[in-house]
Engineer: 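My questions will all concern the structure given below.
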Amino acid sequence: MTDKLQENIENLFSKFISEGKATIRLREPALDICLSKADVSNLKNFISAVSLAHKGTDASPVPLSRLTPAKTSEIEKPRAKMIITCKKDYPLTKSFPYSLEHLQVSFCKLARVDMRMLCLKRLQKLDLSSNHIKKLPKTIGDLVCLQELILHNNFLETFEVELCNSTLRNSLKSLDLSENKLKALPFQLCNFRELVSLKLDGNELVQLPFAIGKLSKLRFLSATKNKLPYLPNSFKTLVLENLDLFGNPFAKANPMVPDIQLKIPLTLLETASRATLTYRISYGPQVIPKHLCQDLSVAKTCDCGGPCLSSFIQTIVVMNLHQVSQTVVLVDSMGGTEAPIICYFCSLTCYSMFLDKYLQSTRV
């Protein structure tokens with residue numbers, strides 16, 4: 001026993017040993033061995049022997065009783081689900097079972113994420129809705145199996161970039177950030193390529209991530225009651241099943257009044273940047289300055305498919321949301337299903353071609 005237990009015990013919980021209860025937390029495999037209804041004297045001897053074995057000390061002097069196999073009905077199955085919806089039920093002295101796959105802790109007035117939750121490596125669903133959480137720890141990204149993260153009705157003001165670059169990129173399928181205090185989201189949110197459902201309702205967002213169109217698996221999107229004046233250009237590449245944008249102060253589209261930020265002739269930086277993206281030339285902070293890498297990663301896309309950075313023509317056009325979603329909840333109380341979307345043009349030629357098509361369509 002000594003060889004197998006030495007340095008393999010993460011913790012021994014023996015606070016309730018006088019009630020015949022104890023828990024042994026192993027490192028490998030990562031699980032809790034929960035003991036209950038044990039004879040107090042025998043349990044104390046057993047825990048002493050385990051503690052000595054963990055330290056590499058001979059445990060043979062400790063008297064151990066002969067083990068009687070437990071009945072199947074007496075063995076507790078590993079707990080996979082735990083739901084806590086009241087502060088008085090929140091575990092302050094006990095740990096969360098390592099076997100949990102679904103954990104819900106709601107209405108407990110949590111001001112921060114309990115670090116004990118971040119040790120639950122099997123967790124697939126974490127629901128922390130209706131608490132007082134203002135900031136997320138970066139270590140949530142260490143929950144490698146997490147598929148569903150619900151943070152509805154908290155006090156979140158930011159969503160950490162580090163989470164977007166964590167292992168959640170490969171696992172997260174559902175993200176609920178509704179009813180918080182978010183004013184912006186990092187463009188890296190689009191790294192969640194497995195995301196199927198995204199809820200952003202009831203925040204203070206003034207724009208959606210510009211590259212939201214990269215979420216190719218996204219099927220359900222709701223961003224009601226925000227402060228969105230228009231949608232990003234990449235929005236038109238989404239393929240959704242359900243879309244709800246009700247209650248946003250969308251601006252009136254006017255393609256005939258463009259915002260011209262086109263510089264002619266193009267600067268050397270703009271020309272080189274466009275060529276880098278067009279010909280897919282590899283780059284990184286080891287080749288060019290970090291701020292240039294950042295600029296390239298947020299480059300705009302012209303209607304022709306070409307890139308543009310700081311030199312472009314911008315205008316707002318109307319898009320029927322049925323172009324991107326099978327089901328569209330009405331945008332306003334008037335029954336509309338159209339919304340303004342921002343468009344970019346890399347040259348006067350591209351804008352002129354767009355304008356010709358637009359004028360032709362209005363004459364029909």
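All values reported here derive from a predicted model rather than from experimental measurement. Numbering of residues begins at 1 and proceeds along the displayed sequence.
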Engineer: Got L185 and Q207 here, is their nearest side-chain heavy-atom distance under 4.5 Å?
Structural biologist: no
Engineer: For a side-chain hydrogen bond (donor to acceptor under 3.5 Å, both in side chains) check, start with the C-alpha distance between T327 and N242, then their side-chain angles and the critical distance, and finish with the verdict.
Structural biologist: CA-CA 5 Å; T327 304; N242 190 283; 4.6 Å; no
Engineer: Would you say the side-chain atoms of S222 and D244 include a donor-acceptor pair closer than 3.5 Å?
Structural biologist: no
Engineer: Would you please indicate yes or no on a ring centroid separation below 6.0 angstrom for F345 and F354?
Structural biologist: yes
Engineer: What I'd like to find out is whether the side chain of N131 reaches to under 4.5 Å of the side chain of C108, using heavy atoms alone.
Structural biologist: yes
Engineer: Return each pair, listed once, that meets ring pair (Phe, Tyr, Trp, His ring centres under 6.0 Å) where at least one residue sits in residues 279-318; pairs must be two or more places apart or across chains.
Structural biologist: F312-Y344
Engineer: A quick test of your reading: do over 12 heavy atoms of other residues, nucleotides or ligands sit less than 6.0 Å from NZ of K173?
Structural biologist: no
Engineer: What is the minimum heavy-atom distance between L231 and L321, and which atoms define it?
Structural biologist: CD1-CD2, 3.9 Å
Engineer: Using a cut-off of 6.0 Å, state whether more than 12 heavy atoms not belonging to R116 lie near its atom CZ.
Structural biologist: yes
Engineer: Given F250, which of V318, V331, D332 fulfils the side-chain contact (heavy atoms from CB on, under 4.5 Å) condition?
Structural biologist: V331
Engineer: Apply side chain to side chain donor-acceptor pair (under 3.5 Å) to Q147 and list each qualifying residue two or more places apart in sequence or on a separate chain.
Structural biologist: none
Engineer: Test: ring pair (Phe, Tyr, Trp, His ring centres under 6.0 Å). Region: residues 145-172. Which pairs qualify, not counting sequence neighbours?
Structural biologist: H132-F155
Engineer: Report yes or no: does S234 contribute a side-chain atom to a donor-acceptor pair with the main-chain N or O of F210 at less than 3.5 Å?
Structural biologist: yes
Engineer: What pair of heavy atoms forms the shortest contact from P255 to T315, and how long is it?
Structural biologist: CA-OG1, 3.1 Å
Engineer: Let's go through Y90 and D114 carefully: what are the C-alpha distance in whole Å and the side-chain angles of both, what is the deciding distance for side-chain hydrogen bond (donor to acceptor under 3.5 Å, both in side chains) to 0.1 Å, and is it a yes or a no?
Structural biologist: CA-CA 11 Å; Y90 191 78; D114 192 329; 2.5 Å; yes
Engineer: Would you check if the side chain of T167 reaches a backbone N or O of G141 as a donor-acceptor pair within less than 3.5 Å?
Structural biologist: yes
Engineer: Same cluster or not: L168 versus M115, using hydrophobic residues (I, L, V, M, F, W, Y) connected whenever any side-chain heavy atoms lie under 4.5 Å apart?
Structural biologist: yes
Engineer: Knowing that exactly one of I83, I84, L128 qualifies, which makes a side-chain contact (heavy atoms from CB on, under 4.5 Å) with Q104?
Structural biologist: I83
Engineer: If we only count heavy atoms from C-beta on, is the V113 to I140 side-chain gap below 4.5 Å?
Structural biologist: yes
Engineer: Given side chains that start at C-beta, do those of L195 and L175 come closer than 4.5 Å, heavy atoms only?
Structural biologist: yes
Engineer: With sequence neighbours excluded, what pairs up with R219 under the salt bridge (Lys or Arg N to Asp or Glu O under 4.0 Å) test?
Structural biologist: none
Engineer: Should the pair E204-K183 be classified as a salt bridge under the 4.0 Å nitrogen-to-oxygen rule?
Structural biologist: yes
Engineer: L266 versus R274: any side-chain heavy-atom pair under 4.5 Å?
Structural biologist: yes
Engineer: Can you name the nearest heavy-atom pair linking M117 to L143, along with the distance?
Structural biologist: O-CD2, 4.0 Å
Engineer: I need the full list of ring pair (Phe, Tyr, Trp, His ring centres under 6.0 Å) pairs touching residues 161-181, with sequence neighbours left out, sorted by first then second residue.
Structural biologist: none
Engineer: Indicate whether the side chain of S106 and that of S129 have a donor and an acceptor atom separated by less than 3.5 Å.
Structural biologist: yes
Engineer: Which heavy-atom pair separates N320 from E338 by the least distance, and what is that distance?
Structural biologist: CA-CG, 4.0 Å
Engineer: Is any side-chain heavy atom of I150 less than 4.5 Å from a side-chain heavy atom of L126?
Structural biologist: no
Engineer: Please check if atom NZ in K81 has more than 12 non-hydrogen atoms from other residues, nucleotides or ligands closer than 6.0 Å.
Structural biologist: no
Engineer: When you compare the side chain of F187 with that of Q294, does any pair of heavy atoms fall below 4.5 Å?
Structural biologist: yes
Engineer: Hydrogens and angles aside, do R25 and S95 bring a side-chain donor and acceptor to less than 3.5 Å of each other?
Structural biologist: yes
Engineer: Check this for me: K94, atom NZ, are more than 12 non-hydrogen atoms of other residues, nucleotides or ligands nearer than 6.0 Å?
Structural biologist: no
Engineer: Taking atom NZ as the centre, does K225 end up with more than 12 heavy-atom neighbours from other residues, nucleotides or ligands that are less than 6.0 angstrom away?
Structural biologist: no
Engineer: Give the intermediate values and the outcome of side chain to side chain contact (heavy atoms under 4.5 Å, CB included) for residues D176 and L151.
Structural biologist: CA-CA 6 Å; D176 187 348; L151 296 161; over 6 Å; no
Engineer: The criterion is salt bridge (Lys or Arg N to Asp or Glu O under 4.0 Å); which residues satisfy it with E162, sequence neighbours excluded?
Structural biologist: K138
Engineer: To the closest 0.5 Å, what do you measure between CG (L100) and NZ (K121)?
Structural biologist: 14.0 Å
Engineer: In the structure I gave you, are the side-chain heavy atoms of F220 and K199 within less than 4.5 Å of one another anywhere?
Structural biologist: no
Engineer: Check whether K300 reaches the backbone of L309 with its side chain - one donor and one acceptor, N or O, closer than 3.5 Å.
Structural biologist: yes
Engineer: What's the shortest heavy-atom distance between L208 and A223, and which atoms?
Structural biologist: CD2-CB, 4.5 Å
Engineer: Is L359 reachable from L348 through a run of I, L, V, M, F, W or Y residues, each pair having side-chain heavy atoms under 4.5 Å apart?
Structural biologist: yes
Engineer: When hydrophobic residues are tied together by side-chain contacts of less than 4.5 Å, even through go-betweens, does I133 share a cluster with F96?
Structural biologist: yes
